[in-house]
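No hydrogens, no waters, no symmetry mates; every other heavy atom, side chains included, goes into these values. Remember, it's 1-based here, ligands and their atoms both numbered in the order they're listed.
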Amino acid sequence: MQTFVVQHPLAQCYLSVIRAAGTPSHDFRRHLNHLARLLFLEATRELPVQEIPVQTPLQQTSGAQLARPLVFVPILRAGLGLLDGILPLVPEAVVAHVGIKRNEETALPHAYYANLPACISGADVFLLDPMLATGGSACEAARQLKEAGAMRITMLCVVSCPEGLAAMKRAHPDVPVFTTAIDDGLNEKCYIVPGLGDAGDRYFGT
Ligand code: PRP
Ligand code: URA
């Protein structure tokens, strides 16, 4: 499995805003949306395109369109923060959902919802979650996507750590992960440190 760390200076600045404990939800949202766009642009560099004819007001020329459909799969809830950032870039993308919640005692993933479209097998699939902690949620989501037929999955996550990346590498070596940070590790409650706390709570203000 390949891990790509997006080290654009803007990514480092936005990351600092969302890490800061005093950042209010409205700023957290805005900066998480920005980070999603930076990750997505990096992760889609090699997407295949088809040449198409384009008639400008002056003459005919050649243009491009994506060769395959895109499916965005946010892991509920916090993955919605990445979706909000990237959907405006590709509004024709299909949005599928996977609902997974960590058990607060055991940190094990509990899958409670899935809605995956049939077109997923021919699509470029982007699995979205800002946090890759133990990796339990992402591994379970990728398993569900493959079971539904997905063959090209890329994960976008803002903050990762060695434990989560190792879990993904073991379970899904074919799924590349794009991240803006590989943090030190997990604390005794399986939160990423230094991390940013609970991404879902901070994004939704709960
Ligand atoms: C968070 C986060 C990931 C998961 C990461 O979600 O958004 O989905 O934890 O942890 P893991 O790598 O150890 O599985 P959470 O379970 O808190 O759900 P929420 O987004 O609904 O708050
Ligand atoms: N989920 C989060 O939102 N943050 C963490 O650090 C770990 C899991």
**Request:** Check the pair Met155 / Val177 against side-chain contact (heavy atoms from CB on, under 4.5 Å), numbers first and verdict last.
**Result:** CA-CA 5 Å; Met155 177 164 195; Val177 176; 4.2 Å; yes

**Prompt:** Does atom 18 (O) of ligand 1 have any protein heavy atom closer than 4.0 Å?
**Reply:** yes

**Prompt:** Between Asp124 and Val71, is there a donor-acceptor pair closer than 3.5 Å when you use the side chain of the first and the backbone of the second?
**Reply:** no

**Complete:** When distances are taken from atom 2 (C) of ligand 1, the protein heavy atom at minimum range is Asp129 OD1, 3.5 Å

**Item:** Top protein contact for atom 3 (O) of ligand 2, by heavy-atom distance
**Value:** Ala199 N, 2.8 Å

**Asked** In terms of atom number and element, which parts of ligand 2 are under 4.0 angstrom from non-hydrogen atoms of Met131?
**Response** 2 (C), 3 (O), 4 (N), 5 (C), 6 (O)

**Asked** Under 6.0 Å between the ring centres of Phe40 and Phe72?
**Response** yes

**Message:** Evaluate Ala133 for polar contact with ligand 1, using N/O atom pairs at a separation under 3.5 Å.
**Reply:** yes

**Item:** Any donor-acceptor N/O pair, His31 side chain to Asp27 backbone, under 3.5 Å
**Value:** yes

**Asked** Hey, what do you get for OH (Tyr191) to CG (Asp198), rounding to the nearest 0.5 Å?
**Response** 4.0 Å

**Message:** With a 4.0 Å cut-off on N to O distance, would you call Asp183 and Arg19 a salt bridge?
**Reply:** yes

**Message:** Starting from atom 13 (O) of ligand 1, what is the nearest protein heavy atom, named by residue and atom, and what distance separates them?
**Reply:** Thr134 OG1, 2.6 Å

**Message:** Under 4.0 Å from atom 4 (C) of ligand 1, is there at least one protein heavy atom?
**Reply:** yes

**Prompt:** Nearest non-hydrogen atom to atom 2 (C) of ligand 2 belongs to which of Gly197, Gly195, Gly200?
**Reply:** Gly197

**Message:** Please state which option from Lys101, Glu140, Arg77 has its nearest heavy atom closest to atom 15 (P) of ligand 1.
**Reply:** Lys101

**Message:** Among all the protein's non-hydrogen atoms, which is closest to atom 6 (O) of ligand 2, and how far away is it?
**Reply:** Ile192 N, 2.8 Å

**Asked** Do any nitrogen or oxygen atoms of Ala78 come within less than 3.5 Å of a nitrogen or oxygen of ligand 1?
**Response** yes

**Prompt:** Taking the side chain from Asn33 and the backbone from Arg29, do they hold a donor-acceptor pair closer than 3.5 Å?
**Reply:** yes

**Request:** For atom 7 (C) of ligand 2, find the nearest protein heavy atom and state the residue, atom name and distance (0.1 Å precision).
**Result:** Ala133 CB, 3.6 Å

**Prompt:** Can we say Lys146 and Asp174 salt-bridge, meaning some charged N sits less than 4.0 Å from an Asp/Glu carboxylate O?
**Reply:** yes

**Asked** So which of Ala107, Ser137, Gly135, Ala167 gets nearest to atom 12 (O) of ligand 1, if we judge by its closest heavy atom?
**Response** Gly135

**Asked** Regarding Arg77 and the six-membered ring of Tyr113, is the cationic atom NZ or CZ under 6.0 Å from the ring centre and inside 45° of its axis?
**Response** no

**Request:** Answer yes or no for Arg202: is there a heavy-atom contact with ligand 2 below 4.0 Å?
**Result:** no

**Request:** Quickly, which of Ser160, Cys139, Cys161 forms a side-chain contact (heavy atoms from CB on, under 4.5 Å) with Leu132? Name it, please.
**Result:** Ser160

**Complete:** The closest protein heavy-atom partner of atom 16 (O) of ligand 1 is Arg102 N, 2.7 Å

**Fill in**
Looking only at protein heavy atoms, what sits closest to atom 5 (C) of ligand 2 is Tyr191 CD2, 3.4 Å

